[in-house]
Q: 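Quick one: the structure is below, questions incoming.
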Amino acid sequence: MPPKNKTAVKRKAASESQSDDEATQSASKKAKVSKDLPGSAVASNGQPTNKVLPVNISFPPRISGTVRLSTWNICSLASASKKGFKFYVEAEDPDVLVLTETKVNEVPVDPFLTSRFPHCTWAISSKKTYSGTAVLCKHKPLSVDTKLPGHPDPNSVKGRIVTVEFSGCYIVATYVTNAGQGLKTLKEKNTWNEHFTTYIRDLDKKKPVIWMGDLNVAPTAIDLANAKSNWNKTPGYTKDETEAFQNILNPPESTAGVGKFVDVWRQNHPEDKHYTYFSYRFNCRTKGLGWRLDMFVVSERLLEKVKMCEIRSEIYGASDHVPVVMEIESDIITGS
């Protein structure tokens, strides 16, 4: 096992045999791995086109006085672990790691993870090898929950949400319900959104909230490559879904006293067409055809404490998603 605390990791080069398939923050906070990408190729939107993880993965140290949070849809822990998942985790060394779509059937016994994260919560679906959300922490939470209050079908929620409470905030990790092929489960998605909106607003009245994970929505046309052809036809980019998301960020006037939320990466990168998901099909990665589905959304009053938020665009190949990271003042988590 490689040493735990290094910020640079080198792995063996992997064969690119997978299926076909501009930032306002300081460039110094991005992954220093572009030299490992073939020809340092980038797509028209400015993101790299590599299909396997870089040989060398290195990130700058976290900003002084902050904790680092990372969220990654790994599209199966078992599969991602064979493709370099642990090299990313070691290099990033987050204080809180949220994993979505873990597809685990029981709590993993993995010394690599437990040695780094003493406090782990795995929300596991009742369906085998389906969904799954995990929150892995270096700091002990005050409380943990894996339910969505009020939802009429608690069984459908299993594996999709974990809430951990710290002294200065709640972290809500989600792998949000998908509206389904042909929008066949849009009704179920609307039910989720209705109850989740109530839930996150109720939490925000007690403490500020960090909502992170795969939110399964492209909030606006700039958040996916082919917005016009997908509008109201494709799960994740429908009127119902985008309005539900916007109602969390900016509650309607009829909901007096309800706090606002901020989509952090978009706030810091108002015009960039960068994505967190690229299908393995249709050579999407090479063409830069993707969706921004993985995010950090924070209570508006937390925004001034956020010091960095970046999409780790080069970390592709262990999953069809890439991680997103955020650094925030450490007292939010540690209380000091």
Side-chain angles (χ1 to χ4, degrees), residues 2 8-23 27 29-59 70-92 94 97-103 112 129 132 175 178 213-214 216 218 223-226 229-230 234-236 265 269 272-295 310-325:
V9 177
K10 184 174 182 178
R11 68 182 193 88
K12 292 181 180 179
S15 172
E16 206 167 15
S17 59
Q18 307 244 354
S19 303
D20 277 345
D21 334 316
E22 304 148 302
K29 295 303 297 178
K30 295 183 178 180
K32 297 179 180 179
V33 297
S34 59
K35 64 184 178 182
D36 297 318
L37 307 180
S40 296
V42 295
S44 58
N45 71 334
Q47 286 187 282
T49 59
N50 57 301
K51 293 184 181 179
V52 297
L53 293 191
V55 173
N56 294 291
I57 303 177
S58 176
F59 303 110
S70 172
T71 181
W72 194 8
N73 178 319
I74 53 173
C75 196
S76 167
L77 178 62
S79 175
S81 294
K82 298 174 183 177
K83 301 174 185 178
F85 161 78
K86 293 179 180 180
F87 292 98
Y88 164 74
V89 175
E90 184 185 21
E92 190 76 81
L97 174 62
V98 166
L99 303 176
T100 58
E101 203 172 359
T102 61
K103 298 185 179 180
F112 174 86
T129 62
Y175 177 45
N178 192 289
D214 182 345
N216 247 326
D223 293 306
L224 70 162
N226 295 313
S229 61
N230 283 291
T234 306
W265 188 88
H269 306 77
D272 288 348
K273 297 180 179 180
H274 288 183
Y275 312 120
T276 66
Y277 163 74
F278 301 86
S279 171
Y280 287 140
R281 299 181 296 167
F282 311 122
N283 212 23
C284 287
R285 176 67 172 176
T286 301
K287 297 174 182 176
L289 303 178
W291 294 59
R292 190 175 69 92
L293 303 174
D294 307 85
M295 303 172 219
E310 293 292 352
I311 296 171
R312 297 299 198 202
S313 295
E314 299 89 344
I315 307 302
Y316 186 83
S319 166
D320 51 8
H321 291 244
V322 298
V324 187
V325 297

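The basis for the numbers below is simple: all heavy atoms, side chains too, and nothing from hydrogens, waters or symmetry mates.
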Q: Determine the minimum heavy-atom distance between W291 and A218, stating which atoms define it.
A: CE3-CB, 3.7 Å

Q: Tell me if a side-chain donor or acceptor on D294 pairs with a main-chain N or O of W72 at a distance below 3.5 Å.
A: no

Q: Take Y275 and N45 through the side-chain contact (heavy atoms from CB on, under 4.5 Å) test and state the conclusion after the steps.
A: CA-CA 9 Å; Y275 312 120; N45 71 334; 3.5 Å; yes

Q: Go through the structure and list residues passing ring-ring contact (aromatic ring centres under 6.0 Å, His included) with Y175, not counting sequence neighbours.
A: none

Q: Write down the atom of T286, the atom of T49, and the distance for their closest heavy-atom approach.
A: O-CG2, 3.4 Å

Q: When you check the gap from the basic side-chain N to the acidic O, do E310 and R312 get nearer than 4.0 Å?
A: no

Q: Quick one: pull up OG in S319 and CG in L77 and give me the separation to the nearest 0.5 Å.
A: 11.0 Å

Q: Of all heavy-atom pairs between G213 and V98, which one has the smallest distance, and what is that distance?
A: CA-CG1, 4.4 Å

Q: Residues in side-chain contact (heavy atoms from CB on, under 4.5 Å) with T102, at least two apart?
A: I74, L99, V104, W122, A134

Q: Within the 4.5 Å heavy-atom criterion, are R285 and P48 side-chain neighbours or not?
A: yes

Q: Hey, are the side chains of L289 and F278 touching, using non-hydrogen atoms and a 4.5 Å cut-off?
A: no

Q: Is a side-chain donor or acceptor of W265 paired with a backbone partner of M295 at a separation under 3.5 angstrom?
A: no

Q: Minimum heavy-atom separation for H321 and L293, please, with both atom names.
A: CE1-CD1, 4.3 Å

Q: Please find the pair of heavy atoms, one from G317 and one from K83, that lie closest to each other, and give the distance.
A: O-CD, 3.4 Å

Q: What pairs with D223 under salt bridge (Lys or Arg N to Asp or Glu O under 4.0 Å), at least two apart in sequence or on another chain?
A: R266, R292

Q: Identify the residue among L224, N216, D320 that makes a side-chain contact (heavy atoms from CB on, under 4.5 Å) with Y277.
A: D320

Q: Check whether any side-chain heavy atom of Q47 sits under 4.5 Å from a side-chain heavy atom of I311, and report yes or no.
A: yes

Q: Starting at CZ of F85, measure out to SG of C75 and round the result to the nearest 0.5 Å.
A: 13.0 Å

Q: What residue among T276, N73, T71 forms side chain to side chain donor-acceptor pair (under 3.5 Å) with D214?
A: N73

Q: Any side-chain heavy atom of Y88 sitting closer than 4.5 Å to one from S70?
A: yes

